[in-house]
2 protein chains.
Amino acid sequence: MEKTKYSLATRELKKHKKSLSNPRLKILEYLCYYRDHPTAEQMYVDLHKELPTLSKTTIYNTLHALAELGLVKILNFEENKARYDIITEEHGHFKCQTCGGIFDFQVEQKLIPKGELLGYKIMERNLYFKGICKKCL
Amino acid sequence: MEKTKYSLATRELKKHKKSLSNPRLKILEYLCYYRDHPTAEQMYVDLHKELPTLSKTTIYNTLHALAELGLVKILNFEENKARYDIITEEHGHFKCQTCGGIFDFQVEQKLIPKGELLGYKIMERNLYFKGICKKCL
DNA sequence: GAATAAAATTGTAATCATTACAAATTTTCT
DNA sequence: AGAAAATTTGTAATGATTACAATTTTATTC
Ligand SMILES: [Mn+2]
Ligand SMILES: [Mn+2]
Ligand SMILES: [Zn+2]
Ligand SMILES: [Zn+2]
């Protein structure tokens with residue numbers, strides 16, 4: 001699963017004639033390993049240790065490039081900063097107000113538009129819940 | 001309905017010993033009348049015309065105060081800026097990628113936590129959909 | 001109703017995530 | 001190798017929001 005995402009991403013990069021540069025591979029590795037929806041800042045701080053030349057601009061560039069190819073999803077539910085997710089399949093996010101953790105959850109029913117959305121073309125669904133996780137309760 | 005929100009808000013302000021100042025009333029009026037989820041900037045530009053002394057800081061202060069009292073909901077689904085909603089009852093938002101309009105929709109089932117969320121305490125649910133509205137299709 | 005205290009508003013400067021951009025470096029192609 | 005294209009980098013700019021101190025308005029006291 002983890003390996004799958006990584007090799008799928010590298011394959012997709014090659015297909016689009018994007019080089020498998022060190023920054024790109026390290027950023028991909030990071031996203032595949034720490035699946036806790038990191039911010040660009042978090043990735044920068046962590047990756048800077050093993051790749052001291054890495055710049056923040058490259059992180060943003062790369063994340064946008066990956067998002068462009070559909071390999072990363074940019075999450076905008078926080079008030080200020082974005083978070084990045086290697087899992088691009090539709091799923092919901094739950095943020096625990098106590099520990100701050102962000103957890104994935106599956107979204108069941110395929111949801112046929114009804115009510116006010118009848119006749120609307122739904123192309124993307126984002127679910128963001130808040131509360132307290134089991135561990136913190 | 002529209003009048004209801006406004007009078008409920010003024011009543012709540014009085015209850016908390018907050019003065020019914022001109023800026024507050026004008027901001028409330030605006031939110032009750034234009035229910036299109038405006039940004040702080042939009043409110044500033046529009047309200048500045050009839051209340052030229054109004055500052056942007058006051059808009060932010062007031063919106064936060066109203067949110068504190070549960071009279072306004074701050075929406076954070078846009079990448080950079082926040083939007084403000086006088087409707088605080090739970091409902092979803094649909095953004096049309098063509099006309100840019102943001103439309104409300106009701107969220108049906110009361111959703112009992114299951115799957116990964118079993119045992120989690122859900123305190124807030126945010127639904128944000130994207131696509132194309134009926135008019136633009 | 002004037003004096004005084006408290007609350008609200010204002011303008012400006014600071015913050016912070018993200019983006020723009022041009023120079024430097026690396027990779028790819030010939 | 002040498003030229004061209006792609007990528008990375010550092011720094012400056014942007015833009016929404018917040019901090020803060022000074023000013024104005026509103027409420028309270030005498
Ligand atoms: Mn996720
Ligand atoms: Mn709404
Ligand atoms: Zn928790
Ligand atoms: Zn539309």
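By convention in this document, chain letters (A, B, ...) are assigned in the order of the sequence lines, proteins followed by strands, and residues within each chain are numbered from 1. What you see below is based on every heavy atom in this structure, not just the backbone, and it leaves out hydrogens, waters and symmetry mates.
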Sequence-aligned protein contact record of nucleotides 21-30 of chain C, with B where the base is within under 4.0 Å of a protein heavy atom and S where only the sugar-phosphate is: B------S--
Which nucleotide in D:dT17, D:dT7, C:dT10 has an atom nearest any side-chain atom of B:Thr58: C:dT10
Approximate separation, where rounding is to 0.5 Å, of B:Glu29 CD and B:Tyr34 OH: 10.0 Å
Under 4.0 angstrom between A:His64 side-chain N/O and C:dT19 OP1 or OP2: yes
Whole-Å gap separating P (D:dT17) and NZ (A:Lys81): 14 Å
Test: A:Lys18 and A:Glu68 ion pair at under 4.0 Å: no
Between C:dT9 (P) and B:His48 (NE2): distance, integer Å: 15 Å
Listed partners of A:Lys17 passing salt bridge (Lys or Arg N to Asp or Glu O under 4.0 Å), at least two apart: none
Between D:dT11 (C1') and A:Tyr60 (OH): distance, integer Å: 15 Å
Ring geometry between A:Phe77 and A:Tyr128 (parallel below 30°, tilted from 30 to 60°, perpendicular above 60°): parallel
Interatomic distance where CG belongs to A:Leu47 and P belongs to D:dT8 [whole Å]: 13 Å
Closest listed nucleotide, where the reference is the side chain of B:Thr62 and the choices are C:dT10, C:dT9, D:dT18: C:dT9
Of the listed nucleotides D:dT7, C:dT18, C:dT10, the one nearest the side chain of B:Ser55: C:dT10
Whole-Å gap separating P (C:dA8) and NZ (B:Lys26): 18 Å
Single hit among A:Glu90, A:Glu124, A:Glu89 for side chain to side chain donor-acceptor pair (under 3.5 Å) with A:Lys73: A:Glu124
B:Phe105/A:Tyr120 aromatic ring centres below 6.0 Å: no
Which residue lies more 5' along DNA chain C, comparing B:Glu79 with B:Lys56 via nearest heavy atoms: B:Lys56
Length of the CD-C1' vector between A:Glu78 and C:dC16, whole Å: 15 Å
Identify all side-chain donor-acceptor contacts of residues 81-88 of chain B below 3.5 Å with residues at least two apart in sequence or on another chain.
{"unit_1": "B:Arg83", "atom_1": "NE", "unit_2": "B:Glu78", "atom_2": "OE2", "d": "2.8"}
{"unit_1": "B:Arg83", "atom_1": "NH1", "unit_2": "B:His37", "atom_2": "O", "d": "2.6"}
{"unit_1": "B:Arg83", "atom_1": "NH2", "unit_2": "B:Glu78", "atom_2": "OE2", "d": "3.2"}
{"unit_1": "B:Asp85", "atom_1": "OD1", "unit_2": "B:Ile87", "atom_2": "N", "d": "2.9"}
{"unit_1": "B:Asp85", "atom_1": "OD2", "unit_2": "B:His37", "atom_2": "NE2", "d": "3.2"}
{"unit_1": "B:Asp85", "atom_1": "OD2", "unit_2": "B:His91", "atom_2": "NE2", "d": "3.0"}
{"unit_1": "B:Asp85", "atom_1": "OD2", "unit_2": "B:His93", "atom_2": "NE2", "d": "3.0"}

Length of the line joining A:Met43:CE and D:dT8:P, which is rounded to integer Å: 13 Å
Sugar-phosphate, base or nothing in reach of A:Thr39, heavy atoms under 4.0 Å: nothing
Atom-pair distance (NE2 on B:His16; P on C:dA7), nearest Å: 15 Å
